[in-house]
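Have a look at the structure below before the remarks.
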Amino acid sequence: MLTINLIREKKDFVIERLKVKNFDAGEIVEKIILLDSSRRELQTGTDSLQSEMNQISRKIGAMMKDNPVSGADEARAKTHLLKEEIRSLSEKLAAVEDALREEIISLPNLPHESVPAGRGADDNLIVRDGGVMMEIPSDALPHWDLIRKYDIIDFELGIKLTGAGFPVYKGKGAKLERALISYFLDQAVKAGYTEILPPVVVNEASGFGTGQLPDKEGQMYHIGADNLYLIPTAEVPVTNIYRDVILNADNLPVKNVAYTPCFRREAGSWGAHVRGLNRLHQFDKVEIVQITHPGHSYEALEEMVTHVEGLVSSLGLPYRIVRLCGGDMSFTSALTYDFEVWSAAQKKWLEVSSVSNFESFQANRLKCRFREKGDKHTRLAHTLNGSALALPRIVAALLENYQTGSGIVIPDVLIPYTGFKIIT
RNA sequence: GGAGAAAUGGCAGAGUGGUCGAUUGCGGCGGUCUUGAAAACCGUUGUCCGGGCGACUGGACCGGGGGUUCGAAUCCCUCUUUCUCCGCCA
């Protein structure tokens with residue numbers, strides 16, 4: 001969430017920037033300004049009443065000590081009215097605080113100045129591309145046919161066990177999946193990330209910290225009996241490690257990487273365009289997360305983009321990097337780069353990574369702060385994350401792009417992990 | 001799952017109704033001493049929200065929430081977590 005200071009001091013700027021996300025903040029911001037000043041007024045009021053009350057209590061205490069049968073009763077009588085006033089005023093204060101908070105959390109993050117305006121995917125900006133479009137046979141198959149032909153992923157079995165969107169990986173398919181996970185993790189560790197293996201079920205506070213709750217409640221699977229959520233991404237547990245944490249500036253940046261399965265309900269988003277591995281309810285993903293000094297978060301973002309680019313390019317997949325326009329960005333992000341790989345048989349670009357800087361938006365919800373050495377005050381850190389990478393669409397692209405008459409060829413970098421060079 | 005005990009500042013650990021935001025030790029930071037370091041000694045050391053240009057000042061926080069009381073770290077209720085014993089178990 002945005003900080004109240006920013007809204008208070010630069011409200012026109014806030015409103016202006018949010019237009020890039022096609023969000024009309026005018027009314028909400030005005031409401032926030034009013035609630036905020038009323039909040040402060042109420043606080044000053046309750047504080048001074050409370051102060052008065054504390055003084056009387058202390059006086060009674062002193063009287064009791066000096067002379068237990070003194071006129072303490074008289075002083076005590078005075079407190080009743082005061083107590084009522086405090087009660088009613090602090091009830092008002094609490095109500096205003098709740099209302100204020102509700103308004104503030106409804107505001108999305110401000111987009112970075114480099115974010116292009118726009119409504120949707122068509123307005124995204126292609127930053128650069130790489131890799132070579134490879135020649136594939138004229139009778140090339142889409143991946144959903146390939147997985148059946150080589151019997152490496154079984155959707156029907158998944159439907160039997162769970163339901164649509166929960167595929168079963170088998171044989172060389174399972175091994176390829178595991179190879180990709182290991183490869184991605186190893187590359188991240190080489191780049192200085194610490195490997196984390198977090199819980200895949202989180203509580204409400206964690207869901208709120210990274211911004212999934214309350215707005216995107218429907219995206220996550222909810223375990224009602226225990227009020228817990230299956231994670232839609234490792235971002236949630238890994239970033240929440242730093243909830244309510246004050247870091248030492250010397251320890252920044254924090255760089256973590258985690259593999260987890262990810263669970264998404266994807267309610268209402270099914271259709272012909274999401275066949276096969278294109279969209280699933282459960283999928284594997286390796287995620288990189290950084291917590292940085294506010295002055296260095298955009299350097300970190302570039303570093304993460306470079307890391308992801310290295311992965312995609314080492315797999316020999318044609319790719320392009322896209323800077324999302326305001327309308328296509330997430331609620332929490334200030335700047336997002338998407339990575340797309342070319343799916344040769346489907347003849348379309350598939351999103352395989354999304355790398356974002358959230359600046360202090362998540363950190364403010366998380367209360368993730370840091371302190372400069374010798375500095376008395378804490379400041380909000382910046383948080384970033386990116387997929388490195390999401391597996392299913394990578395697998396889809398690998399299968400389609402590397403299909404040959406004799407089988408599916410495994411890219412060189414993966415062979416040490418798969419132990420085989422071709423899927424036949 | 002059953003029975004019992006506990007939850008205090010970065011850590012350890014006092015505090016059972018009245019200047020307790022909290023004794024003390026360790027750790028951290030600053031200083032004295034030293035060529036440097038260690039030791040010793042001295043000082044300092046939580047977070048959040050207000051008010052004030054500022055010196056400074058008011059309020060809240062002792063696992064979370066609620067209650068009793070003029071006054072709660074201390075008493076009561078409730079939730080959560082941890083530990084011990086029993087049961088179950090990959």
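Note that the structure is a prediction, hence the values are computed from the model and not measured.
Residue pairs meeting the ring pair (Phe, Tyr, Trp, His ring centres under 6.0 Å) criterion with at least one member in residues 228-254 of chain A, sequence neighbours excluded: His222(A)-Tyr229(A). Sequence neighbours left out, the pairs with a member in residues 379-389 of chain A that pass salt bridge (Lys or Arg N to Asp or Glu O under 4.0 Å) are Glu372(A)-Arg379(A).
Annotation: rG66(B) and rA14(B) have their P atoms spaced 29 Å apart (nearest Å). Spacing between rG13(B) and rG63(B) at atom P, rounded to whole Å, works out to 15 Å. Taking atom C1' in both rC61(B) and rU8(B), the straight-line distance is 12 Å, to the nearest Å. For the P atom pair drawn from rA73(B) and rG64(B), the interatomic distance equals 12 Å after rounding to whole Å.
Within the structure, every side-chain polar atom (N or O) of Arg369(A) is placed at least 4.0 Å from both OP1 and OP2 of rU47(B). Neither OP1 nor OP2 of rU19(B) sits under 4.0 Å from any side-chain N or O of Lys59(A). Look at Ser51(A) and you'll find a side-chain N or O under 4.0 angstrom from OP1 or OP2 of rG59(B). Side-chain nitrogen and oxygen atoms of Asn54(A) include at least one within less than 4.0 Å of the OP1 or OP2 phosphate oxygen of rG59(B).
Remark: rA38(B) base-pairs with no nucleotide in the shown strands. Criterion, Watson-Crick or G-U wobble with two distances under 3.5 Å. With a cut-off of 3.5 Å on both Watson-Crick or G-U wobble distances, the partner of rA12(B) is given as rU24(B). Base-pair partner of rG71(B): not found among the strands shown (Watson-Crick or G-U wobble, both distances under 3.5 Å).
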Dump every N/O contact between nucleotides 49-52 of chain B and the protein below 3.5 Å, one line per pair.
residue	atom	partner	partner atom	Å
rC49(B)	O3'	Arg39(A)	NH2	2.6
rC49(B)	O2'	Arg39(A)	NH2	3.2
rC49(B)	O2'	Gln43(A)	OE1	2.5
rC49(B)	O2	Gln43(A)	NE2	3.0
rG50(B)	OP1	Arg39(A)	NH1	3.4
rG50(B)	OP1	Arg39(A)	NH2	2.7
rG50(B)	O5'	Arg39(A)	NH2	3.0
rG50(B)	O2'	Thr44(A)	OG1	3.0
rG51(B)	OP1	Arg40(A)	NH1	3.4

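Between Arg101(A) and Asp98(A) there is no salt bridge, since no side-chain N of the basic residue sits under 4.0 Å from a carboxylate O of the acidic one.
Ranking rG59(B), rC70(B), rU47(B) by closeness to the Ile246(A) side chain, first place goes to rU47(B).
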Using residues 10-35 of chain A as the side-chain source, report each donor-acceptor pair under 3.5 Å to any protein atom, sequence neighbours left out, with the distance given to one decimal.
residue	atom	partner	partner atom	Å
Lys11(A)	NZ	Glu30(A)	OE2	2.9
Arg17(A)	NE	Pro111(A)	O	3.3
Arg17(A)	NH2	Pro111(A)	O	3.1
Arg17(A)	NH2	His112(A)	O	2.8
Lys21(A)	NZ	Asn109(A)	O	3.1
Lys21(A)	NZ	Ser330(A)	O	2.8
Lys21(A)	NZ	Phe331(A)	O	3.2
Lys21(A)	NZ	Ser333(A)	O	2.8
Asn22(A)	ND2	Gly118(A)	O	3.0
Asp24(A)	OD1	Gly26(A)	N	3.3

Quick one: side chains of residues 148-160 of chain A, donor-acceptor pairs under 3.5 Å with protein atoms, not counting sequence neighbours, listed by atom name and distance.
residue	atom	partner	partner atom	Å
Asp151(A)	OD1	Lys170(A)	NZ	3.1
Asp154(A)	OD1	Glu156(A)	N	3.1
Asp154(A)	OD1	Leu157(A)	N	2.9
Asp154(A)	OD2	Lys170(A)	NZ	3.2

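Among the protein residues, Thr378(A) comes within range of the sugar-phosphate backbone only, with heavy atoms under 4.0 Å from sugar or phosphate atoms but none that close to a base.
Partners of Gln50(A) under the side chain to side chain donor-acceptor pair (under 3.5 Å) rule, at least two apart in sequence or in another chain, do not exist in this structure.
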